[in-house]
Number of protein chains: 2
Amino acid sequence: MGRRSLKATRQQEIIVAFYKLAKKEGLENTSIAKIAKAMDVNPSLIIHYFQTKEELIYALIDFILDKYTPIFHVPNKASKTPKTILMEVIDNLFSKKWNTLFDDSLFYGCYALSFRENKIKARYKALLDGLRSKLAELIEDCISDGSLATDNALEAADLIFIILDGAYFYMSLVKDPKLLNEKLSLYKQKALTVLYNHTEIPA
Amino acid sequence: MGRRSLKATRQQEIIVAFYKLAKKEGLENTSIAKIAKAMDVNPSLIIHYFQTKEELIYALIDFILDKYTPIFHVPNKASKTPKTILMEVIDNLFSKKWNTLFDDSLFYGCYALSFRENKIKARYKALLDGLRSKLAELIEDCISDGSLATDNALEAADLIFIILDGAYFYMSLVKDPKLLNEKLSLYKQKALTVLYNHTEIPA
DNA sequence: ATTTTGATTGAACGTTCATTCAATTAAAAT
DNA sequence: ATTTTAATTGAATGAACGTTCAATCAAAAT
């Protein structure tokens, strides 16, 4: 009896509106009142679905971070060799697709919050570790397959993401698209060397 | 005639108070009123020296970023070989000294602002490029010296900082100090391989 | 038709915010 | 001493903030 609950859908709508606003005007300039205005709805409705702004931000972060998983999607996976799949994924990682799908400003803005909120820190850690272990699996497949002789799959995956994260950190500051492409392919190449780890450092 | 100006010193005091507060409570939770209270001074005094909060934030960012240059300091430089100097600097970069000197929360918090303020973005870019070119100089010295055969000093310096920045991005989320040390030395080792760039990627 | 339940509104709360402006105080110079 | 200049205060501004609560509205079930 009684009215059907719209909780899940309304919450989603609110988060999407929050995301869009924060993307355009910055996380620190986005208030509950502004979100409500953008949705043409009363501010107290937002508080009704998320009790506090804190909860709303947690939800936003989940929304943002959940966007990162599909980066591992490879079409026609079944018909491809492990090596091909791995190379396609690495191509995806070091491509502008990745860059346009997500908003770096929000990603780093929320990352900065993680220093003050352990819940947020844990969420980011889980994302980064999840990405690493997924990439490690693909490398493992190549090792089993004999197409790679990498020592330590997880370590290699970690190093590749270290390079990737460092690369995007710097590239967010670079404007010239031509230079950006050059940089990106250099970084990708360097990341690939991680898979062939026989470099010796002279004493 | 008239009273001596305290502008420079007062401004510095204000920025230091701002820095301390923002470090403890977060950039987004630090207001002019709070800074004034911490200094036991009237809020309007702060506005008197910095006309707007925007100006105050610019000054804070300069203050923060200026802290990064001394990382290149090496004692008794004159009596050391270029190779020794380079290795000491790289040791410094991949050490916790670097990590404790600066506040990552503020560094990333201000970095996030750079997406909305070109002035800030330019400041960060200048810092990162400055660090790279200084490291490149040290590498150049080793090449002239014959102690290194690196192809491209600036490219190598860039890659080392890519690894460094990616490393700190990830390590800010890691709590276990033992794991942190292991990671750090692995990343340093990988950064060093950049100086010996002969790794070939099989077709 | 009435009851039940949840969606949504609207008004109000006290706080904090950045900023303004005039008034006051303190140190130099004449 | 008086003038000049700058430091500093104190009161006030309006706007925005997150949150509260009671009131109303709309859809299901009886």
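Numbered from 1 within each chain, the chains take letters A, B, ... in sequence-line order.
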| Parallel, tilted or perpendicular: rings of B:Tyr108 and A:Phe169 (30°, 60°) | perpendicular
| task | For the residue pair B:Phe115 and B:Tyr111, categorise the inter-ring angle as parallel (less than 30°), tilted (30 to 60°) or perpendicular (more than 60°). | result | perpendicular
Could you check how far [atom1] of [X] sits from [atom2] of [N], rounded to whole Å?
{"X": "A:Leu45", "N": "C:dG10", "atom1": "CG", "atom2": "C1'", "result": "13 Å"}
{"X": "A:Ile46", "N": "C:dT9", "atom1": "CD1", "atom2": "P", "result": "10 Å"}
{"X": "A:Ile35", "N": "D:dT19", "atom1": "CD1", "atom2": "C1'", "result": "14 Å"}
{"X": "B:Ile47", "N": "D:dA11", "atom1": "CD1", "atom2": "P", "result": "18 Å"}
{"X": "A:Lys53", "N": "D:dC17", "atom1": "NZ", "atom2": "P", "result": "8 Å"}
{"X": "A:Leu27", "N": "D:dC17", "atom1": "CG", "atom2": "P", "result": "13 Å"}
{"X": "B:Lys37", "N": "D:dT8", "atom1": "NZ", "atom2": "P", "result": "20 Å"}
{"X": "A:Glu28", "N": "C:dA18", "atom1": "CD", "atom2": "P", "result": "13 Å"}

Centroid-to-centroid, [X] to [Y], below 6.0 Å?
{"X": "B:Tyr68", "Y": "B:Phe107", "answer": "yes"}
{"X": "A:Phe94", "Y": "A:Tyr187", "answer": "no"}
{"X": "A:Phe161", "Y": "B:Tyr170", "answer": "no"}

| request: Compare every heavy atom of A:Tyr168 with every heavy atom of A:Leu93, then report the nearest pair and how far apart it is. | output: O-OH, 3.1 Å
| query | Looking only at heavy atoms, which two atoms of B:Leu173 and A:Ser114 are closest? And how far apart? | reply | CD2-OG, 4.0 Å
| Of all the choices, D:dT20, D:dT19, C:dT19, which nucleotide is nearest to the side chain of A:Ser44 once you look at every atom? | D:dT20
| said: So if I take every side-chain heavy atom of A:Val41 and compare against C:dT19, D:dC17, C:dT9, which nucleotide ends up nearest? | reply: C:dT9
Extract from the structure each pairing of a protein N or O with an N or O of nucleotides 1-6 of chain D at less than 3.5 Å, listing the distance.
from: D:dT5; atom 1: O2; to: B:Arg3; atom 2: N; distance (Å): 3.2

| OP1 or OP2 of D:dA16 under 4.0 Å from side-chain N/O of A:Ser31 | no
